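From a predicted model like this one, the values you see are computed outputs, not experimental measurements.
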Amino acid sequence: MSRKGFEEEFLLPNNPEISIDDCQDEFPQTKELGYSPTTKESLSHRLWKPVALRTSLILFYSLLFAWGWERLQRNYDTQHNVVFSPYEGQYEAQVFQHKHSVYVGEPSTDLDAAWHKLLRNSNIRVTELEMSQIPGRKEEAIPLPDGGYFASPNVYHNLHCVKRLHHYMYRDHYYFNVTQHEIEALEYHNHHCLDMIRQSLMCQGDMQLLTMKWRTAGRIPTANFTMPHKCVNWDNLETWAADRRIKRLYEPGYLIHPTFGPAYPDGHGDPIGEFLADEG
């Protein structure tokens, strides 16, 4: 079909009572100027108006979608990437055990061995790139002689604090023959630990509900601890930390303070911890 035939069949009115002159009545302003549009110009005007409208709508909704997507992405990043951590945890549901574990109770060889194993991956190596993604930290970070920087995941610091508090419950066993000044330093360190644990608990904000139930041996309700919690997969975390563990950290001469010399000249840390004057 020719273009003329197409226009006559599909674009021009089929009503024989409507003439080309009727179509020209749509352009009164052109008659005033002494100009009468041709049939093709009238048809082109009819064709381009809906095309322009559709194009404008497509452009508008495309911009609206792009703006909405950018806001959604920004909100996701704000909620999920508030601060940087090199570890991306795997989570699972776990039910807390209400019975006493090997980590509590009176001092014993098994208890001490369990705590030692639990904290063995506390000190890890982070890379140059990872350190550069933590604003304001690289300038004060401690570089390691064989590459990377000295760090510790906060969960291990919290566990260290729980261990210290347990030790302080049995001070005569773990801190025998200490001076009064060392006792004050212990108490200062333990208050630090209590408040760090408090802040971490409030930060994590475990909102799983402890529903209440009646006790069979008393009138006061008690909590039902059998609900699952959203927990990090500890085995996965341990594997990640073990791959980064600084195995030579306590080796005398491995880590050297720029002013005071070897950090661990005796091959171990200070069992008392920081003293009252050292709040940094």
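- With hydrophobic clusters built from ILVMFWY side chains whose heavy atoms lie under 4.5 angstrom apart, Trp115 shares a cluster with Tyr175.
- Transitive grouping of hydrophobic side chains (ILVMFWY, heavy atoms separated by less than 4.5 Å) keeps Leu201 and Phe96 in distinct clusters.
- Side-chain heavy-atom separations under 4.5 angstrom define the hydrophobic clusters, and the remaining members of the one that includes Tyr250 are Ile142, Leu144, Phe150, Ile246, Leu249, Tyr254, Leu255, Tyr264.
- For Ser56, there are no side chain to side chain contact (heavy atoms under 4.5 Å, CB included) partners at least two apart in sequence or on another chain.
- Hydrophobic cluster membership of Phe176, counting Ile, Leu, Val, Met, Phe, Trp and Tyr whose side-chain heavy atoms lie under 4.5 Å apart directly or via other members: none, as it forms a cluster of its own.
- Nearest heavy-atom pair across Arg215 and Ile220 is CD-O, 2.8 Å.
- Counting heavy atoms from C-beta outward, Arg171 and Ile183 have side chains that approach closer than 4.5 Å.
- There is no path of hydrophobic side-chain contacts, each under 4.5 Å, that joins Tyr188 to Met196.
- In this structure, Tyr174 and Asp112 have side chains that are in contact, with non-hydrogen atoms separated by less than 4.5 Å.
- Qualifying ring pair (Phe, Tyr, Trp, His ring centres under 6.0 Å) partners for His166, counting only residues two or more places apart in sequence or in other chains: Tyr170.
- Shown here are the ring pair (Phe, Tyr, Trp, His ring centres under 6.0 Å) partners of Tyr156, two or more places apart in sequence or in another chain: Trp234.
- Distance check, rounded to the nearest 0.5 Å: CG of Asn121 to CZ of Arg245 gives 5.0 Å.
- Leu165 meets the side chain to side chain contact (heavy atoms under 4.5 Å, CB included) test with Asn190, Leu194, Ile197; sequence neighbours excluded.
- Within the model, atoms CD of Glu187 and CD of Glu182 stand 12.5 Å from one another, a figure rounded to the nearest 0.5 Å.
- Cluster note: Phe260 groups with no other residue, as no ILVMFWY side-chain heavy atom lies under 4.5 Å from it.
- Taking a 6.0 Å sphere around CZ of Arg137, one finds it holds 12 or fewer heavy atoms contributed by other residues, nucleotides or ligands.
- Tyr168 meets the ring pair (Phe, Tyr, Trp, His ring centres under 6.0 Å) test with no other residue; sequence neighbours excluded.
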Side-chain donor-acceptor contacts of residues 203-214 below 3.5 Å, not counting sequence neighbours, with atom names and distances?
| from | atom 1 | to | atom 2 | distance (Å) |
| --- | --- | --- | --- | --- |
| Asp206 | OD1 | Gln208 | N | 3.0 |
| Asp206 | OD2 | His229 | ND1 | 2.7 |
| Gln208 | NE2 | Pro228 | O | 2.6 |

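- The minimum heavy-atom distance between Pro265 and Pro252, with the atom names listed, is O-CG, 3.6 Å.
- Between the CD atom in Glu184 and the OG1 atom in Thr179 there is a gap of 8.5 Å [rounded to 0.5 Å].
- When only modelled atom types and interatomic distance are considered, Tyr149 and Glu128 share a side-chain donor-acceptor pair under 3.5 Å.
- With sequence neighbours excluded, the residues forming a side chain to side chain contact (heavy atoms under 4.5 Å, CB included) with Ala114 are Val102, Tyr103, listed by chain and number.
- At most 12 non-hydrogen atoms from other residues, nucleotides or ligands lie less than 6.0 angstrom from NE2 of His116.
- Side-chain contact of Ser200 with Asn158: a donor-acceptor pair under 3.5 Å is present, judged by distance alone.
- Val126 and Ala151 make their closest contact through CG1-CB, 3.9 Å (heavy atoms, listed as atom of the first residue, atom of the second, distance).
- Although no hydrogens or angles enter the test, the distance criterion places a donor-acceptor pair under 3.5 Å between the side chain of Arg244 and the main chain of Arg125.
- Counted by atom type alone, Ser108 and Asp110 present zero donor-acceptor pairs between their side chains at under 3.5 Å.
- Within the 3.5 Å criterion, the main-chain N or O of Ile272 finds a donor-acceptor partner in the side chain of Arg164.
- With sequence neighbours excluded, the residues that form a ring pair (Phe, Tyr, Trp, His ring centres under 6.0 Å) with His98 are Phe225.
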Only distances under 3.5 Å count here; give the side-chain donor-acceptor pairs of residues 84-95 to other protein atoms, sequence neighbours excluded, each with its distance to 0.1 Å.
| from | atom 1 | to | atom 2 | distance (Å) |
| --- | --- | --- | --- | --- |
| Ser85 | OG | Tyr87 | N | 3.3 |
| Tyr87 | OH | Asn236 | OD1 | 2.7 |
| Tyr87 | OH | Leu237 | N | 3.4 |
| Glu92 | OE1 | Asn233 | ND2 | 3.2 |
| Glu92 | OE2 | Gln94 | NE2 | 2.6 |

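- Pro135 and Gln133 get closest at one heavy-atom pair: CD-O, 3.4 Å.
- Taking the six-membered ring for Trp and the full ring otherwise, the centers of His189 and His160 sit less than 6.0 Å from each other.
- With rounding to the nearest 0.5 Å, the separation of CG in Asn154 from CG in Leu159 is 9.5 Å.
- The 12-atom threshold is not exceeded at NE2 of His100, counting heavy atoms of other residues, nucleotides or ligands nearer than 6.0 Å.
- For the atom pair OG of Ser122 and CZ of Arg120, the computed distance is 11.0 Å after rounding to the nearest 0.5 Å.
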